[in-house]
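As structure tokens, the structure follows; a few thoughts come after it.
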Amino acid sequence: MEPSSTEGGAEETLLKNNPPSLPHKVILKHGQELEEEQEELAEHQPLEQEDLNFERWKRRPLPKRTLHQKIDDLKTYLWNAETNEFMGRSGKSWSLILLFYAALYMFLAAMFGGCLFCLMWSISPYHPTFNDRVMPPGMTMAPHLEGHEIAFNASDRKSWKKYARSMDEYLRPYNDGAQERKNIRCAQDRYFMQDDLEESAERKACQFKRSWLGDCSGLQDPHYGYSQGRPCILLRMNRILGYLPGQGKPINVTCGIKKGPPEALGEIQFFPKSFFELKYYPYYGKLRHVNYSSPVVAVRFAGVQYDTHIQVQCKLNGKGIVNDSPTDRYLGSVTFSLEVGA
């Protein structure tokens, strides 16, 4: 007798609702689940006594090598006859490394040379490309041996001989013979413009003779007044390429007391004049103005008081000149201490 459809449907429904229980983690995927079970069991197992002995886990010291063994290892490292390797590399490996670094440094050298060539090609050796931020000129003095300090005794030759020697060296390029050979005599009282010449053409320079400095030239008095207690100093305006000082008017020079009694300075004499003449400007640089001689103003302190320490300041005065800068004491002025003893 066949089972009724009602009974069969009941069994299928029962099987669907209550499927037979499968064994726990029967199918393993590459042993992963089994390993996880073993790790869980290992975590719950107590450690044995021998596992707590940490001495067994310490790194064992390497046996000491003899000097002969070390030398053999070094020889093997330098040249391994079995593998034909030098310092751990074969000949092919060394060749590739040398080729790589040779190509790298050749590329870097070529890139540096190309950059340098482009830079030198883009700038002129005769004048700066940009000169819109040129500062006003400064001023230097001679002698300049021990800072800006002049101290001596007129009766002691050793105390002022160094100043006279410094003045001689400073004025040697201004000797009359050298100026007459190299430079021309200029009579104009205006700027000596030579911009119409080729850029590389040599520019002419006006003469500035040593004899024009009078009592401070060292020709009549080789001691420059130091032996008489009436010292001379030389003032020169710094060179600035293409600069036209004074905007058409000469730059004047004045000297006065900055610190000390005003009457201690006495009479001041200037040679050849108390200003820088316009005919010595502009300056065209060393490559074009080869024989250029900067004009000099000599100052003689003819009535300075003895045994009085004073500070003297000499200034440039004119249009476009800055002589009171709080940050640059050499901009348009120079300050020095002066003390003359009998």
Side-chain angles (χ1 to χ4, degrees), residues 23-135 140 144-147 169 173 198-202 238-241 284-290 292 327-328 330:
H24 184 60
K25 299 182 180 179
V26 175
I27 302 174
L28 301 180
K29 186 177 181 180
H30 303 293
Q32 180 178 0
E33 296 183 358
L34 181 60
E35 291 178 359
E36 292 178 356
E37 288 184 359
Q38 291 177 354
E39 289 176 359
E40 292 178 359
L41 292 175
E43 290 178 357
H44 293 85
Q45 290 178 358
L47 294 175
E48 297 180 2
Q49 185 65 28
E50 60 180 6
D51 294 332
L52 297 176
N53 185 10
F54 296 103
E55 295 294 332
R56 59 179 296 191
W57 303 107
K58 287 185 178 180
R59 186 176 180 179
R60 295 179 181 178
L62 297 175
K64 293 184 178 180
R65 302 177 61 82
T66 62
L67 179 61
H68 182 70
Q69 291 175 333
K70 293 179 180 179
I71 295 176
D72 289 341
D73 291 344
L74 179 61
K75 291 180 179 179
T76 304
Y77 170 73
L78 293 177
W79 174 250
N80 193 332
E82 297 179 357
T83 59
N84 293 330
E85 291 180 348
F86 175 69
M87 298 182 70
R89 292 183 180 273
S90 63
K92 181 180 179 181
S93 177
W94 280 113
S95 301
L96 292 176
I97 289 177
L98 294 176
L99 181 63
F100 168 76
Y101 280 106
L104 174 64
Y105 288 118
M106 288 177 62
F107 170 75
L108 294 177
M111 184 175 65
F112 175 76
C115 293
L116 190 61
F117 173 78
C118 293
L119 175 64
M120 300 305 296
W121 175 76
S122 62
I123 62 176
S124 172
Y126 303 106
H127 60 83
T129 305
F130 303 103
N131 58 356
D132 55 337
R133 299 189 64 182
V134 176
M135 296 293 292
T140 57
H144 180 66
L145 299 176
E146 302 169 354
E169 295 176 358
E198 294 183 4
E199 184 182 35
S200 59
E202 183 178 341
N238 291 347
R239 300 177 182 180
I240 299 179
L241 197 145
Y284 288 95
K286 291 183 178 181
L287 294 180
R288 295 183 292 182
H289 239 155
V290 180
Y292 179 80
T327 57
D328 189 353
Y330 301 110

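Quick caveat: nothing in here was measured; it's all calculated off a predicted structure.
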Task: Glu198 atom CD, over 12 foreign heavy atoms within 6.0 Å - done: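 Counting neighbours around CD of Glu198, 12 or fewer heavy atoms of other residues, nucleotides or ligands fall under 6.0 Å, so no.
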Taking only distance into account, with no hydrogens and no angle test, what donor-acceptor pairs under 3.5 Å do side-chain atoms of residues 112-125 form with protein atoms, sequence neighbours excluded?
unit_1, atom_1, unit_2, atom_2, d
Ser122, OG, Cys118, O, 3.1
Ser122, OG, Leu119, O, 2.9
Ser124, OG, Tyr126, N, 3.2
Ser124, OG, Glu199, OE2, 2.9

TODO: Return each pair, listed once, that meets salt bridge (charged side-chain N to carboxylate O under 4.0 Å, His left out) where at least one residue sits in residues 83-106; pairs must be two or more places apart or across chains.
DONE: none
Open item on the list: Applying salt bridge (charged side-chain N to carboxylate O under 4.0 Å, His left out) as the test, list every pair that has at least one member in residues 63-76; sequence neighbours left out.
Closed with: Arg65-Asp73
- [ ] Using the six-membered ring wherever Trp is involved, compare the ring planes of Tyr105 and Tyr101 and label them parallel, tilted or perpendicular (cut-offs 30° and 60°).
- [x] parallel
Task: Atom pair CG (Leu241) and NZ (Lys286), whose distance is rounded to the nearest 0.5 Å - done: 11.5 Å
Among residues at least two apart in sequence or on other chains, which ones pass side-chain contact (heavy atoms from CB on, under 4.5 Å) with [X]?
X	value
Met87	Tyr77, Leu78, Trp94
Glu82	Asn80
Leu98	none

